[in-house]
Amino acid sequence: MEHIADLSGIVTGFNVTGNCIDCICGKNLVKIDKYSGQIVLQKPVFEKEGLSRKLIADNEHIFIYDFCTLYILNQKDYELIGKWQLGNDLSSDICGMAVDKDTVYCSIRNGKIITLDRQSYLAKEFIISESSMWSIKTYDSYLVTGTVDGKVLLLDKSTFSIDKTLVLGKKNIGSLYIDGETLYAASHDGKLFKISMRDFEIEYFIKNVHKKMFDCAGIYDDRLITVSYPCSEIAFWKKDTLEKVKVMNIPLKLSGRTHIENNYMYISSRNILGIDKINLNE
């Protein structure tokens, strides 16, 4: 494992765009050259330290949620475009987020989704489920969400009605990853599911993937990669059959973020001051 960005604190969220990595570290948003590890831009955004902030980005904007507040910043220079308080307390905080070219989608605790138009910044609220949704992804004209009570929902973006429901169990579906027409879903009961998006049916599932909670990190060659931060494990599975290929034991802690690009996985965790890079081909 190679240490590529040495920062003074834990990176709670990051995104790789082109030659740069945008990341949250303490009160600051930091832009790092991914080849040299040098800081090219740093700007304070938050008033206090925090470990629960999440970040996603595209070529234009950076989207961050922190408890009940959504931030949108310019990707190039970190100029704050705006911030919106979408909730008030632990019953209405932001649990997950996704974006497309027109809209920001925030899942709110206890089953709501709040959308924000990226042009007008008009916010709308929709009641979806009786259960919170920690994981949310976009798929064509749909949203795909995983619920705390063990379901995967397919939502029509135009109406926010539930088009299809797939029951995977009774535990939180905490991580989703879409690869073409395939959805991979990680459950907090240790199960990993491969789901056909065309039929919205389970094709394969396996038990005891990791002993503790894990994320679907992405695809490398013909393999799906899962990461369990509490177990300090990175596991490789054949993406078609979910047959285990190998496990890497890497010191990690509690939670983190990953990004897979070419032969490398960029990774942050509670025990890493900055960002590390792992060669997946070794």
Side-chain angles (χ1 to χ4, degrees), residues 12-13 24 50-56 63-72 83-100 103-116 123-139 142-157 159-178 183-193 195 197 200 202 205 209-210 212-217 226-230 254-258 270:
T12 59
I24 306 169
L51 294 174
S52 61
R53 296 169 183 138
K54 304 295 190 301
L55 176 154
I56 59 176
F63 309 87
I64 299 171
Y65 69 85
D66 178 20
F67 191 44
C68 295
T69 305
L70 168 67
Y71 297 76
I72 302 181
K83 62 180 182 178
W84 295 263
Q85 186 172 340
L86 303 185
N88 299 298
D89 52 33
L90 278 173
S91 69
S92 57
D93 60 322
I94 304 169
C95 298
M97 178 171 58
V99 300
D100 59 24
T103 309
V104 185
Y105 307 91
C106 293
S107 58
I108 308 299
R109 195 176 298 273
N110 298 327
K112 295 178 182 178
I113 287 180
I114 294 179
T115 65
L116 188 74
K124 295 181 180 179
E125 182 178 297
F126 303 89
I127 298 174
I128 306 297
S129 166
E130 294 181 354
S131 179
S132 301
M133 298 169 282
W134 286 13
S135 45
I136 177 171
K137 299 292 181 183
T138 61
Y139 170 75
Y142 297 94
L143 291 178
V144 186
T145 69
T147 69
V148 170
D149 62 357
K151 301 182 182 70
V152 175
L153 308 178
L154 187 66
L155 309 176
D156 188 313
K157 283 183 187 178
T159 62
F160 285 88
S161 59
I162 299 175
D163 190 79
K164 294 180 181 178
T165 301
L166 191 59
V167 179
L168 302 186
K170 296 181 180 180
K171 298 290 186 178
N172 183 22
I173 308 303
S175 177
L176 300 173
Y177 185 83
I178 296 178
L183 172 69
Y184 298 96
S187 172
H188 280 193
D189 62 3
K191 295 176 184 175
L192 173 64
F193 296 84
I195 297 164
M197 289 302 297
F200 213 63
I202 299 169
F205 82 93
V209 174
H210 297 277
K212 296 181 180 179
M213 62 185 292
F214 66 97
D215 294 338
C216 297
T226 60
V227 179
S228 175
Y229 299 93
L254 294 178
S255 63
R257 302 289 177 271
T258 58
R270 294 285 182 93

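Remember, it's a predicted structure, so these values are computed and weren't measured experimentally.
With rounding to the nearest 0.5 Å, the separation of CE in M97 from SG in C106 is 6.0 Å. Here the OG1 atom belonging to T145 is positioned 10.5 Å from the NZ atom belonging to K151, to the nearest 0.5 angstrom. Here I24 contributes atom CD1 and R53 contributes atom CZ; the two are 7.0 Å apart, rounded to the nearest 0.5 Å. Taking CZ of F193 as the reference point, atom CG of L166 lies at 8.5 Å (rounded to 0.5 Å). To the nearest 0.5 Å, the span separating OH on Y184 from CD1 on I178 amounts to 11.5 Å. In this structure, CG on L86 lies 8.0 Å from SG on C68, to the nearest 0.5 angstrom.
Considering every non-hydrogen atom in both S132 and R109, the closest pair reads OG-CG, 3.2 Å. Pairing each heavy atom of M213 with each of S228, the nearest pair is O-OG, 3.0 Å. Closest of all the heavy-atom pairs between K212 and P230 is CD-CB, 3.7 Å. Among all heavy-atom pairs drawn from G50 and T12, the shortest one is O-CG2, 3.7 Å.
In this structure, R257 does not pair ionically with D215, as no charged nitrogen and carboxylate oxygen lie closer than 4.0 Å.
A heavy-atom distance below 4.5 Å is found between the side chains of T147 and L153. The side-chain heavy atoms of V144 and M197, taken from C-beta on, include a pair separated by under 4.5 Å. Residues K83 and I64 are not in side-chain contact: their nearest non-hydrogen atoms beyond the backbone lie 4.5 Å or more apart. Between L254 and Y229, the closest side-chain pair of non-hydrogen atoms is not below 4.5 Å. In this structure, the side chains of T69 and F67 stay at 4.5 Å or more apart for every pair of heavy atoms. Put simply, the side chain of S255 reaches to within 4.5 Å of the side chain of R270, judged on heavy atoms. Using a 4.5 Å cut-off on side-chain heavy atoms (C-beta onward), S175 and S135 make no contact. A heavy-atom distance below 4.5 Å is not found between the side chains of L155 and Y142.
T103 places no side-chain N or O within donor-acceptor distance of the main-chain N or O of L116, the cut-off being under 3.5 Å. Not one N or O on the side chain of S107 forms a donor-acceptor pair closer than 3.5 Å with the backbone of I113. D93 contributes no side-chain N or O that, together with a main-chain N or O of I108, makes up a donor-acceptor pair within less than 3.5 Å.
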Open item on the list: Pair V148, M133 - check side chain to side chain contact (heavy atoms under 4.5 Å, CB included), show working.
Closed with: CA-CA 6 Å; V148 170; M133 298 169 282; over 6 Å; no
Open item on the list: K112 vs I128, test: side chain to side chain contact (heavy atoms under 4.5 Å, CB included). Steps then yes/no.
Closed with: CA-CA 5 Å; K112 295 178 182 178; I128 306 297; over 6 Å; no
Task: Check against side chain to side chain contact (heavy atoms under 4.5 Å, CB included), S92 and N110 - done: CA-CA 7 Å; S92 57; N110 298 327; over 6 Å; no
Open item on the list: I'd like to know whether L192 forms a side chain to side chain contact (heavy atoms under 4.5 Å, CB included) with F214, so could you lay out the CA-CA distance, the side-chain angles of the two residues, the decisive distance to 0.1 Å, and finally the verdict.
Closed with: CA-CA 9 Å; L192 173 64; F214 66 97; 4.2 Å; yes
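More than 12 non-hydrogen atoms from other residues, nucleotides or ligands lie less than 6.0 angstrom from NZ of K54.
D100 and Y105 are linked by a side-chain donor-acceptor pair at a separation below 3.5 angstrom, with hydrogens and angles left out of the test.
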